[in-house]
Structures are given as C-alpha cells and as structure tokens.
Amino acid sequence: MPLALVDCNNFYVSCERVFNPKLEGRAVVVLSNNDGCVIARSSEAKSFGVKMAAPWFKLEIFSKQQGIIALSSNYALYGDMSARVMSTLSTFSPKQEIYSIDECFLDLDGFAPQSLASYGQTIRQTVKRNIGIPVCVGIGDTKTLAKLANHCAKKGFAGADGVCDFGLLSIDERQTIFANIPVGDVWGVGRRITQQLLSMNIQTVEDLRTANPDIIRKQFSIVLGRTVQELNGIPCIDLEETESPRQQIMVSRSFGSSVTSFTDLSESVAHYATLAAEKLRRDKSVACSICVIIQTNSHQEHEPQYQGSLIVPLPQPSDSTMKLVEAALKGLKTIYRSGFRYKKSGVLLMGLQPKSTIQPTLFDDPIEQDISTSLMQVMDAINQKMGAGKLSIAASGICKPWAMRREGKSPNYTTDWKELPEVA
DNA sequence: ATGCTCCTGCGAA
DNA sequence: CTAACGTTCGCAGGAGCAT
C-alpha cells in the first residue's frame, strides 16, 4: 500500500552546486531558455523573495545588487545527473516510476510500516553521498498523499527532517496538518481550479478531502474527483513502471531576438524539425503529420500580433529529417505573413506510431526508403560522436541569428570532456 | 446512440 | 552594448461530423 515520492531539492541549482561548491550557501537561480524566467531557486534566493517563473529582466538589477547568482539552464548536465539519481533510487524498491526529471515514486508495499521513516532517511543519505544531490521523501497510501507528504517534508511540517510519513500520524494530527495547507498545494489543483474552489469556500486540503466527491466530479472533472478519493487514501492513480511511448513530439523555442525575414524563420523551422526527427528516431517511431507554428511576441501589446499554425499530413508515415523538414517548410510558406516581428516558432510531430508496425504501401519505393534510413543512421551516428549539430542539412542555415541567449551556462561537466575546466 | 477527429483548457515540472 | 516574459507532455471534454 504505501508509496514514497522522492523529490530533489531545487534540482537544477543542486546540480550546479555539485560541480561548483562556491555556489553553496549563496542565493542562486537558474533561468529558462533565452535567460527568460527563473525556473529554479536556492533556498537563499527564495528568502530574497524571488518568485518562480519571474521574468529575469525585471529582477536583474535587484539581483545584482543583492549578489544573487543567475545561471543559464544546462539541460545536458541536469539530464545526466537525473539518470544517476534515478539509478540510485531504483535500488530502494523493485517498483519505480520516474515521474519527472527530479522526482520518482517508489512502491514500499511489504516494507515494515514502522521503519519507513528511517528507510526514507537512508534514501536521503545515500543519494546525497553517492550523487551529491539533496532530496526529500514523502510517504503515503496514494500518489496524491505521497506528493502531499513530500510537500510537508520540504516545509519541515510536524518536525519532519526531510522525510514525512503520513502513516505515522493519528487521524487528528493528519486533519490538523491538512487544515493548515492551502488547497492549491495539492497535486492536480492549479491556479484556475484553486480560484473556483475558493469561491465555493473550499480553502484547505482538509476542506477538499471532506468535500462531496459527486459534486466535485460534476462541477469540475473526473480527475479532481479522483484527487478527492486519493486524499482519503483510496488509490485511483496507478504506479506506471513502464513508460508508454510518446504520442507527440514538440520542439519550439523563443528567439534570442525577433525575426522578420522568411529565410530566418524557415531556417529555425528546419532546425527544430531536425531536432524533432532525431527524437522521433530515438523513440523508434514514425509520424503521420507535422504541425508548424509561428508566433509574434504577445508581451509586446502595442505591436501587431499574429499566430499561425498548420498541420501538414505526410504522404507516408516517416522518420526522415528530409521529409519532415520538407513538409514543415511547405506549411510555413502557407502561414507566413510578412510585416510581423516573429518571436517564436516550433514544430509538432503528430500521429506517432512504432516504426515496426507500419507496412510499406503500394506507392512506397523500398530502395529509396532504405537509402533514407541508412542516411539518417549515419547522420545520427556522426552527431552522437562529434557533438550535437555537427552535421546538419543546409536548410537550417549557418549563422542562426535567432539562436537563444544563454550567457551564464555552466560547462557540460558530465557529458563532454572538452568542457571540463583545467586543473590548476 | 455511438464513435471518430480536431481543438481548447488545464495542470505539471 | 542592445533588448528583454519557458518548454514539453498528457488528459478531459466539447464541437463537429459520419454512421
């Protein structure tokens, strides 16, 4: 019955600190792509009042005055560190669900109930010792309760020292805690639903737990009804050990600066289609259609706004960079309007299916198919060996004036020998 | 009624 | 120095259409 949710503390900041101990004890934030918003904060940065998702350009002056350190995001580093953490955590249970880059569920069914909290401490110490990343552990009878327990562990509720096991609490203790947590802190309750719940005078976790499930289902959704059940210890959301194949692949970015020419825009689209195709082949899937998306900057309200998108069906399901880029650019020609300052473009691969299931149609040219597959394999192998983007197609352009800003990125310590700093 | 596809809203990290 | 506000994914549910 019991489940643990293990969540890394300030994960991106913690990753940076492993390789740069001078960041320890300092206020540190990690910024999103384009150095746009804050996406991770050390506890010191939080106490300065820096909010999640805050636009960096509004904070920059204040932050420099206060000595807050800002780093661009380094996903190669975080992805690699995540794999190490997950591997260590997998040794603590036969059943693990990796839920996101920095958290996983562990099935603790059959473990001695009284010793779960100390088991949680062992998990924390082991991950800290082996990988250098601090984590918190929440334990409860459902995923929603485990998430909530983790929240309590992080906040230090009920004397929690990085671990919180709801199984140790009496009914009264649990009710007291739930009555002091705002309903918006529950997994699955976001901003909109919080507002609606408040208008019904459901303010705390305890209010939601004791709400009438039928009314919740009717007024909101099946999903929120399940949340209420889970808060009451009735499991509705299963542990998923094997991840199911993705249904879509999205690659989109905001530009470092606005783009007006069709050429620049088409180069960005070709580039993103290339990245999407690489993901697709890694998944061993094929796509049936590709959607192209272009947008102006919606934050610049006085500027003319335009958002265009178009789904382009592929003649046959494909994983070929050439075919996908060709289709994407065809779509772009249709939706492009001159006279706008574009801020973002992207592609979305849709109708994904395993490559193994598709069968050649009457119109396929099997020889061309084979050549295309071999070419893609060679390109992927070269880019794997020499570094991403070393070999690309001409349509992606060379100088990339739209490339994103990343002024404070740390080295790829764990995935690229060339980026390791010299030892003094 | 039933079952699709397409599209939007919402939440999460 | 400029200008400057993220990305990717799944699910639910309604609209529109065909059967």
Side-chain angles (χ1 to χ4, degrees), chain A residues 5 7-13 29-41 50-61 63 70 72-73 75 78-79 82 98-105 143-144 147 150-151 183-197 217-227 236-237 240 243-259 272 275-276 279-280 283 288-289 291 293 295-301 303 307 309-311 313 341 343-352 401-402 404-407:
Chain A
L5 178 73
D7 191 315
C8 300
N9 302 350
N10 321 325
F11 182 55
Y12 296 169
V13 170
V29 298
V30 173
L31 304 177
S32 65
N33 281 343
N34 262 321
D35 296 344
C37 332
V38 174
I39 54 172
R41 307 159 295 162
V50 176
K51 295 278 182 275
M52 197 65 169
W56 176 241
F57 76 95
K58 288 187 179 174
L59 290 173
E60 195 167 358
I61 296 188
S63 298
S72 303
S73 36
Y75 286 106
Y78 312 148
S82 172
I98 297 173
Y99 176 70
S100 74
I101 193 165
D102 77 327
E103 16 175 350
C104 76
F105 291 100
K143 282 183 164 183
T144 305
K147 287 281 274 185
N150 189 280
H151 177 78
V183 72
D185 290 349
V186 174
W187 187 40
V189 180
R191 251 195 23 241
R192 298 285 170 83
I193 292 176
T194 300
Q195 282 313 306
Q196 294 177 60
L197 288 171
R217 254 194 302 274
K218 265 213 171 79
Q219 295 240 335
F220 294 89
S221 63
I222 294 176
V223 180
L224 197 64
R226 284 201 278 257
T227 299
C236 304
I237 310 169
E240 288 169 35
E243 82 255 52
S244 37
R246 270 185 293 206
Q247 297 166 27
Q248 55 177 220
I249 291 173
M250 173 74 140
V251 177
S252 71
R253 300 272 187 284
S254 298
F255 304 136
S257 53
S258 293
V259 153
Y272 301 151
L275 297 180
K279 281 193 193 183
L280 188 64
D283 282 9
C288 292
S289 59
C291 178
I293 301 138
Q295 295 177 2
T296 53
N297 188 346
S298 58
H299 296 284
Q300 298 289 316
E301 289 170 23
E303 281 191 13
Q307 303 189 27
S309 73
L310 184 69
I311 299 170
R341 291 163 53 77
K343 182 60 181 170
K344 182 177 184 175
S345 74
V347 301
L348 176 61
L349 305 187
M350 306 166 67
L352 305 196
W402 36 269
M404 66 180 174
R405 283 190 308 274
R406 288 171 94 181
E407 288 177 9

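Naming: A, B, ... by sequence-line order, numbering from 1 per chain.
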Looking across every strand, which nucleic acid part, if any, lies under 4.0 Å from [X] by heavy atom: base, sugar-phosphate, or nothing?
X        : result
A:Leu31  : nothing
A:Ser100 : sugar-phosphate
A:Tyr99  : sugar-phosphate
A:Val38  : nothing

Problem - Euclidean distance, A:Asp283 CG relative to A:Leu349 CG, rounded to 0.5 Å - result: 10.0 Å
Exercise for the section: State whether A:Arg226 places a side-chain N or O below 4.0 Å from either non-bridging phosphate oxygen (OP1 or OP2) of C:dA12. Expected result: yes
Practice task
Apply side-chain contact (heavy atoms from CB on, under 4.5 Å) to A:Asp102 and A:Asp7, showing your working.
Solution key: CA-CA 6 Å; A:Asp102 77 327; A:Asp7 191 315; 3.0 Å; yes
Handout entry: Whether A:Phe255 and A:Tyr272 hold their rings parallel, tilted or perpendicular, with breakpoints at 30° and 60°
Key = parallel
Exercise for the section: For the residue pair A:Tyr12 and A:Tyr78, categorise the inter-ring angle as parallel (less than 30°), tilted (30 to 60°) or perpendicular (more than 60°). Expected result: parallel
Which whole-number value in Å describes the distance from [X] [atom1] to [N] [atom2]?
X        : N      : atom1 : atom2 : result
A:Gln307 : B:dT8  : CD    : P     : 10 Å
A:Lys218 : C:dA12 : NZ    : P     : 19 Å
A:Ile222 : B:dG11 : CD1   : P     : 16 Å
A:Leu352 : B:dT5  : CG    : P     : 15 Å
A:Arg191 : B:dG9  : CZ    : P     : 14 Å
A:Lys143 : B:dG11 : NZ    : P     : 19 Å

Practice task
Test A:Asn33 against A:Tyr75 for side-chain contact (heavy atoms from CB on, under 4.5 Å), laying out the working first.
Solution key: CA-CA 10 Å; A:Asn33 281 343; A:Tyr75 286 106; 4.0 Å; yes
Problem - Base-contact (B) and sugar-phosphate-only (S) positions in nucleotides 4-10 of chain C, heavy-atom cut-off under 4.0 Å, - elsewhere - result: BBSSSSS
Practice task
Go through the steps to decide whether A:Arg405 and A:Asn34 satisfy the test side-chain contact (heavy atoms from CB on, under 4.5 Å), and finish with yes or no.
Solution key: CA-CA 4 Å; A:Arg405 283 190 308 274; A:Asn34 262 321; 4.1 Å; yes
Practice task
Could you tell me whether a side-chain N or O of A:Arg341 sits under 3.5 Å from a main-chain N or O of A:Thr296, the two making a donor and an acceptor?
Solution key: no
